[in-house]
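Only one structure is covered here, and it is reproduced in the block below.
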Amino acid sequence: IICLTGDESDNSAVGRWARGMQEEFESNLQAQIDETIDWLTDIREAAPNARIYMAHSNHMNWITKAIETRLPGFQTLRALLPENLYDLDALEIEYKRELFEFLPNFLLGHGHQWELTSKSHRSKGIEQVMRTGCSILAGHVHQAALETVFIGYEGKGEQKVYVNPGCMMDFSKAMESNGGYISG
């Protein structure tokens with residue numbers, strides 16, 4: 001099993017940080033989509049028999065949000081769904097719009113569903129483990145973390161974890177794009 005925790009493509013040209021900025025008008029959206037498809041193809045070729053799950057994420061949703069707010073007549077176009085834009089069906093990658101139990105008592109979600117932020121993701125991740133009673137694998141905050149959580153009383157109970165794998169982002173590129181929405 002391979003779990004992708006979201007934000008596989010930045011889609012910055014249609015994101016909220018680019019609204020009205022030069023990047024919105026000089027879009028590189030197709031190049032980002034193509035680069036993402038190439039990367040996903042590499043994963044599939046490296047693990048041809050793996051089940052691959054991709055968590056729905058805020059960046060993957062930016063195209064949908066842009067259509068809803070700027071071109072509502074395009075909302076019914078199936079070609080604009082992530083599964084089709086990124087060839088996910090052809091690559092046999094399962095796109096999960098909802099929180100998903102990928103192993104018994106282990107949930108996959110991007111992290112924006114739990115309102116994780118770079119400052120609070122560890123504590124909020126632990127809160128969600130306690131609330132759901134499940135271990136959690138999440139993305140969104142671009143910072144790796146592993147927190148153990150004991151659920152029980154007087155040594156009787158279960159050990160759970162909150163895991164955030166971090167990211168493979170080139171931060172120098174991210175700081176240059178989108179008006180520098182990632183800084184410092």
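The first residue of the sequence shown is numbered 1, and numbering continues consecutively from there. The structure displayed is predicted, hence computed values, not measured ones. All values below come from the heavy atoms of this structure, side chains included, with hydrogens, waters and symmetry mates left out.
A distance-only check finds no donor-acceptor pair linking the side chain of Asn164 to the backbone of Ala144 [under 3.5 Å]. Of the possible donor and acceptor atoms, none in the side chain of Ser135 sits under 3.5 Å from a partner among the backbone N and O of Phe106. At least one donor-acceptor pair under 3.5 Å links the side chain of Asn84 to the backbone N or O of Arg78. A donor-acceptor pair is defined here as one N or O able to donate and one able to accept, closer than 3.5 Å; such a pair exists between the side chain of Gln113 and the backbone of Gly111. Side-chain atoms of Arg44 come within 3.5 Å of backbone N or O of Glu92 as a donor-acceptor pair. A donor-acceptor pair under 3.5 Å is formed between the side chain of Gln32 and the backbone N or O of Asn11. Counting only distance, with no hydrogens or angles, the side chain of Lys124 and the backbone of Trp114 share no donor-acceptor pair below 3.5 Å.
Cluster membership for Trp62 and Met54, using ILVMFWY side-chain heavy atoms within less than 4.5 angstrom, is shared.
When all heavy atoms of Leu107 and Cys134 are compared, the closest pair comes out as CG-CB, 3.9 Å. When all heavy atoms of Ser118 and Val141 are compared, the closest pair comes out as N-CG1, 3.7 Å. Nearest heavy atom pair, residue Ser57 against residue Tyr95, reads N-OH, 4.1 Å. Leu85 and Ile37 make their closest contact through O-CD1, 3.4 Å (heavy atoms, listed as atom of the first residue, atom of the second, distance). Nearest heavy atoms, Gly109 versus Leu99: CA-CD2, 3.7 Å. Of all heavy-atom pairs between Ile136 and Gly125, the closest is CD1-O, 4.3 Å.
Residues Thr117 and Ser120 bring a donor and an acceptor atom of their side chains to less than 3.5 Å of each other.
With contacts defined as side-chain heavy-atom distances shorter than 4.5 Å, the pair Phe102/Leu137 qualifies. At a threshold of 4.5 Å between non-hydrogen side-chain atoms, the residues Tyr162 and Gln128 do not count as touching. With contacts defined as side-chain heavy-atom distances shorter than 4.5 Å, the pair Leu103/Ile1 qualifies. Side chains of Thr5 and Pro165 form a contact here, defined as non-hydrogen atoms less than 4.5 Å apart. Side-chain contact check for Leu29 versus Ile63: some heavy-atom pair is nearer than 4.5 Å. Considering only heavy atoms from C-beta on, Ile151 comes within 4.5 Å of Val129 through its side chain. Considering only heavy atoms from C-beta on, Ile52 stays 4.5 Å or farther from Leu40 through its side chain.
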Check step by step if side-chain contact (heavy atoms from CB on, under 4.5 Å) holds for Met60 and Ser9. CA-CA 7 Å; Met60 295 301 268; Ser9 187; 4.0 Å; yes

With side-chain contact (heavy atoms from CB on, under 4.5 Å) as the criterion, how do Asn58 and Lys65 come out once you've worked through the C-alpha distance, each side chain's angles and the decisive distance to 0.1 Å? CA-CA 9 Å; Asn58 59 318; Lys65 287 288 187 194; over 6 Å; no

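Atom CD in Gln75 sits 9.5 Å away from atom CG in Leu77 (nearest 0.5 Å). Atom CD1 in Ile33 sits 13.0 Å away from atom CD in Glu8 (nearest 0.5 Å). To the nearest 0.5 Å, the span separating CG on Asp38 from CD1 on Ile43 amounts to 11.5 Å.
By the 30° and 60° cut-offs, the orientation of the rings of Phe100 relative to Tyr53 is tilted. Ring geometry for His142 against His59 counts as tilted: the plane angle lies between 30° and 60°, on a 0 to 90° scale.
Counting heavy-atom neighbours within 6.0 Å of Glu98 CD, excluding the residue itself, gives a total of 12 or less. Within a 6.0 Å radius of CZ in Phe150, more than 12 heavy atoms belonging to other residues, nucleotides or ligands are found.
Salt-bridge annotation for Arg51 and Glu94: present, with a side-chain N of the basic residue lying under 4.0 Å from a carboxylate O of the acidic one.
Considering His56, His110, His121 as possible partners of His140, the one that fulfils the ring pair (Phe, Tyr, Trp, His ring centres under 6.0 Å) test is His110.
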